[in-house]
Each structure stands twice: as structure tokens, then as C-alpha cells.
Number of protein chains: 2
Amino acid sequence: MGISERKERQRKEVRESILSSAWELVNQDGWLNLSIRKIADAIEYSVPVVYDHFENKEAILSEFNRRGFQLMTENLAEAKARQTNHKQQLEDVAVAYWDFAFQNKEYYQLMFGLGMPTCESLTKVPELSAFISVISTTINQIAGLPQDSTEIWLKIHSFWSMIHGLVSINLVAPPVSHLNMNPDEFNKAILKDFIKSFIKGLET
Amino acid sequence: MGISERKERQRKEVRESILSSAWELVNQDGWLNLSIRKIADAIEYSVPVVYDHFENKEAILSEFNRRGFQLMTENLAEAKARQTNHKQQLEDVAVAYWDFAFQNKEYYQLMFGLGMPTCESLTKVPELSAFISVISTTINQIAGLPQDSTEIWLKIHSFWSMIHGLVSINLVAPPVSHLNMNPDEFNKAILKDFIKSFIKGLET
DNA sequence: CTACTTTTGCTAACGCCGTTAGAAATTATT
DNA sequence: AATAATTTCTAACGGCGTTAGCAAAAGTAG
């Protein structure tokens, strides 16, 4: 009897419709205006049904958070795989990070910009380690530093900080009026400068 | 007759008590748990009184936002004034920025980490330009780039991004378990490395 | 087909929130 | 003392996350 299978399937359909409706709402009104009630309205079910699929609102955000890290890591890994030269890989990974942030602002804001992610909340994202290992393996190959050493963590931290700073400052305060240059070129120029000097630092 | 003067004074007292109560609440429960109702309760007035002093909740946050930029700029300017050598000034300004962020996490989170500050919301902070000019004058003195040129804006942007990235990544995901080194020293080491290479970039 | 059980989904409520209209109380002025 | 102006409050509106408890539907067994 395929009854329970069908039920299972229908459950997953509702779950997915919650997520896709939520995603639509977020793209319309932003994370701050997302509400369980609006989601319930959009999926044409009553509010408590949402709670049959997610423990609470935070669990929904957390799902998107994980998807964000997953998608970003995929993008980074792809960019890396397109190259063989290690330095070039690192450069392309940085650019891919940048591109991800600006092509997926909603994701990026949820991942880094939203309500005070505590230390723990981030360490509870399993996808985080996959993301970090994309970077760390490359750095390892360039600089020959052993995994899990203090030195390589320092480098990973630097690299990540550098790009994140660039991204978030530009998400929040993009340089506009002061330029006789395309802002996009402007920013990518900074990014590439950064990476160049970072790689130089790896080699010394 | 000093009646209207007294009234004025009392008005300001209430306004200040709103702000100081709010600040206390924020330090207890964070920005996300601050509410007008709690403030009203703390100042022992009814809710609408709060609206006689601030247009809405955002106006209260905005007040703290401006105070944050003011305080940070003061710290930066003081650090700068303690030195005469321009490169040393820039280095100390960066360290002062770092120290401000970690000694005033609430401020820093409001200024950069909270609910999606749009481009406009930041350009509406008059204190922002004072903060930027502390950096830009120093960079100007080191690199000799003219104010308001594309080049100096590029440098300001780089400098700010670099530090902000370091700060916010460390606020959110501090390196802990992987180190046989004091995290504070670890981070400041990265910071100083960053600044050194940044200054090198200014000179070439 | 009927009686019973399990699952599913709903209504309605609780206690918060920001915000505001309008009444009540207080204070100043004539 | 009576009137005008100001200050302050109560009470509400619509929204939120969350949950208890009931109604409806679907499945199961005789």
C-alpha cells in the first residue's frame, strides 16, 4: 500500500511550498518582513500547519542559512575546479565569493548581516566547514602550511575577513557619487589588489 | 519667568532618561529585544510619552547610531593625535577602530550589523563624513593623493573594508579551538599585517 | 457499510510588538 | 474662579510568534 508513501510525498510538498513561498516573500519584502502568518497565507493553509514542518521561525531561517552556505560553497568549488594553477584558483575563489554575495544579496545578508548571529549559531552550521575547507586546501597548496595549524587558520581568517569586509562595506555603503569610474570595476579592482597582496603574503 | 525654561529642562530630562533607559535595556537584552513598551516602563511614563520625544522606534536607534559614529570618530581622532608620523597615525587609527568595535560591541552591531541598513540610511548619518575624513586626511598625507579623487576613495574604501571585515568576522566567528595562541594576539597580529601591507600599497 | 482510531487542519486565544486617537488630568492664564 | 493650553493616560488597531484544544477528514477493522 503506497498510502504512507503518498502522505510522505505530500508532507514534503507542503514543506517545500513553505520554503518557496517564504523565499518569494523575502525577495519581495526582505527578511525583516517575513512572517509565519504571511507564509501560511501564501501556502493557503492555516498558521499551525507551518509549525508541523518547522519548529519555529528561526528553523526556517536556519534552513535558508544552510542553503546559502551550500550554494556559496558550490560556486566556490566550481570556480576553483575551472583552474589548475593554485594561485589562480585562490583568485577565482575570491571573485566567486564576491559574485555570490552580490548576486544573492538575500542569502548573504541572512548569512552575515542579520540579527546578531552568536558564535554558537555559526558553529552549528555544518556547511560552514565545507566552505572553509575549499579555502584552506587552496591555501595549503600555495603556502604549504599544514592543515589545522595556527598559521593556516591565520591565513584563512585573513582571507575571509578581507573579502567579507569588502563585500559588506560595499553592500552597505557603495561608492557612488565620488567616482568617475564604473563602481563595479572600481570594486573588483580593489578585490584583485587585495588578493594579489594576500598571495604575496602567502609566499614569503 | 523661568517656567518655560523649567519645562524645557524637564523635557530634556525625560528625553535623556529615555535614551539612558534604552541603553541599559540594550546592554541587558540586546538591540533585538528593545521595545518602546519596555522603555516606557523603565522611565515610569506611559507609552505615548516616548512618542513625544522620538518620532518612532527607528529614531531612537538612529540617535544611538549617530552617537556611535561620534564616539568612534573621537577615539580615532585621539589615537591619531597621539602620533606625528603619518604611517604610525594610520596604524594607530586602525587599532583604535578595532578596539572601539570590541569595547563597544553594541554600538558596532547597531552601526553595521543590524537590520539591513540601506544605502540611504547610511548616507543620512552626518557623522559618517567626519569619520571618513579622519582616514582620508591621513591617507592623503601619506600617499599625496588629492581629496575627492577616485584614487583616494579607492584607498579609503580598501582600508575601511579591510578592518571592517576583520572585525565583523571576528565578532561572528572568532577563531577559538584551532589555536595554541591567545586569540586577541592572533587577531591583532592579522590586523597589523594588514595595515603594513596596506601602507606599502600606498607608497608604491 | 458502519464503528472506531488516527491523522490532519482549523479556530481562537495568549502575550508580545509599534503606533495612534481621543479622553482625562494637570498646569498655566485671564 | 473660569477658561485655555498642555501634559499624560487609557484603550484601541493591526500585526507578530506560538500553542491549546477542538472539528473534520482519512484510514482501519469488523
Side-chain angles (χ1 to χ4, degrees), chain A residues 1-19 21-26 28-65 110 114-118 121, chain B residues 1-19 21-26 28-65 110 114-118 121:
Chain A
M1 51 175 76
I3 287 180
S4 62
E5 280 83 349
R6 190 208 61 215
K7 284 197 173 182
E8 186 76 10
R9 210 179 335 117
Q10 287 177 335
R11 248 193 88 79
K12 280 187 181 164
E13 274 174 22
V14 172
R15 194 189 137 93
E16 274 314 307
S17 85
I18 289 174
L19 289 170
S21 295
W23 185 241
E24 223 170 289
L25 289 167
V26 165
Q28 278 171 34
D29 311 323
W31 291 108
L32 295 183
N33 296 307
L34 180 65
S35 81
I36 301 278
R37 293 174 131 98
K38 284 183 194 165
I39 294 173
D41 206 59
I43 64 173
E44 294 175 304
Y45 275 99
S46 69
V47 169
V49 170
V50 178
Y51 287 87
D52 291 339
H53 298 269
F54 295 93
E55 200 187 340
N56 48 33
K57 189 182 177 181
E58 200 194 331
I60 299 177
L61 297 187
S62 161
E63 173 68 30
F64 283 113
N65 196 20
L110 177 65
L114 226 55
M116 321 294 86
T118 58
S121 78
Chain B
M1 54 173 72
I3 287 179
S4 62
E5 280 84 349
R6 190 207 63 215
K7 283 197 173 182
E8 186 75 13
R9 208 177 338 114
Q10 286 176 336
R11 248 193 87 80
K12 279 187 181 164
E13 275 173 24
V14 172
R15 194 189 137 93
E16 273 314 307
S17 86
I18 289 174
L19 289 170
S21 295
W23 186 241
E24 224 171 286
L25 289 167
V26 165
Q28 279 172 35
D29 312 322
W31 292 108
L32 295 182
N33 296 307
L34 180 64
S35 79
I36 301 280
R37 293 174 131 98
K38 285 183 194 167
I39 294 173
D41 206 59
I43 65 174
E44 295 175 302
Y45 275 99
S46 68
V47 170
V49 170
V50 178
Y51 287 88
D52 290 340
H53 298 269
F54 295 94
E55 200 186 341
N56 48 32
K57 188 182 178 181
E58 200 194 331
I60 299 177
L61 298 187
S62 160
E63 173 67 30
F64 283 113
N65 196 21
L110 177 65
L114 226 56
M116 321 293 87
T118 58
S121 77

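Naming: A, B, ... by sequence-line order, numbering from 1 per chain.
- In this structure, NZ of Lys57(A) is placed 12 Å from C1' of dG15(D), rounded to the nearest angstrom.
- Leu34(B) CG to Asp29(B) CG: the interatomic distance, rounded to the nearest 0.5 Å, is 9.0 Å.
- Checking the phosphate oxygens (OP1, OP2) of dT8(D), no side-chain nitrogen or oxygen of Ser46(B) falls inside 4.0 Å.
- For Ile36(A), the side-chain atoms get nearest to dG17(D) when compared with the rest of dT8(D), dC17(C), dG17(D).
- For the pair Asp52(B) CG and dT20(C) P, the computed distance is 12 Å after rounding to whole Å.
- The side chain of Val49(A) sits closest to dC10(C) out of dG17(D), dG18(C), dC10(C).
- With values rounded to the nearest 0.5 angstrom, Phe54(A) atom CZ is found 8.5 Å from Ile39(A) atom CD1.
- Residue Tyr45(B) contributes atom OH, which lies 22 Å from atom P of dA24(C) at whole-angstrom precision.
- Among the heavy atoms of the strands, none lies under 4.0 Å from Ile60(A).
- Atom-to-atom, CD of Glu58(B) to P of dG18(C) comes out at 13 Å; the value is rounded to the nearest Å.
- Checked by distance alone, Arg37(A) brings no side-chain donor or acceptor within 3.5 Å of a matching partner on the base of dG15(D).
- Between Asp41(B) atom CG and dG18(C) atom P the separation is 13 Å, expressed in whole Å.
- For Tyr51(B), the listed nucleotide lying nearest its side chain is dT19(C); candidates were dT19(C), dC10(C), dC17(C).
- Around CD of Glu55(A), the count of heavy atoms belonging to other residues, nucleotides or ligands within 6.0 Å does not exceed 12.
- Ranking dA26(D), dT19(C), dT18(D) by closeness to the Asn56(A) side chain, first place goes to dT18(D).
- Distance check, rounded to the nearest 0.5 Å: CD1 of Ile43(A) to OG of Ser21(A) gives 6.5 Å.
- Rounded to whole Å, the distance from CG on Leu25(B) to P on dC17(C) is 11 Å.
- Between dT20(C), dT19(D), dC16(D), one nucleotide has an atom nearer to the side chain of Pro48(B) than all others, and that is dT20(C).
- If you take CD1 of Ile18(A) and C1' of dG9(C), they are 13 Å apart, rounded to a whole angstrom.
- Counting non-hydrogen atoms under 4.0 angstrom, Ile39(A) reaches nothing in the nucleic acid.
- In this structure, the CD atom of Glu55(A) is 11 Å from the C1' atom of dT18(D), given to the nearest Å.
- For the side chain to side chain donor-acceptor pair (under 3.5 Å) with Arg15(A), the qualifying choice from Gln10(A), His53(A), Glu63(A) is Glu63(A), the only one to do so.
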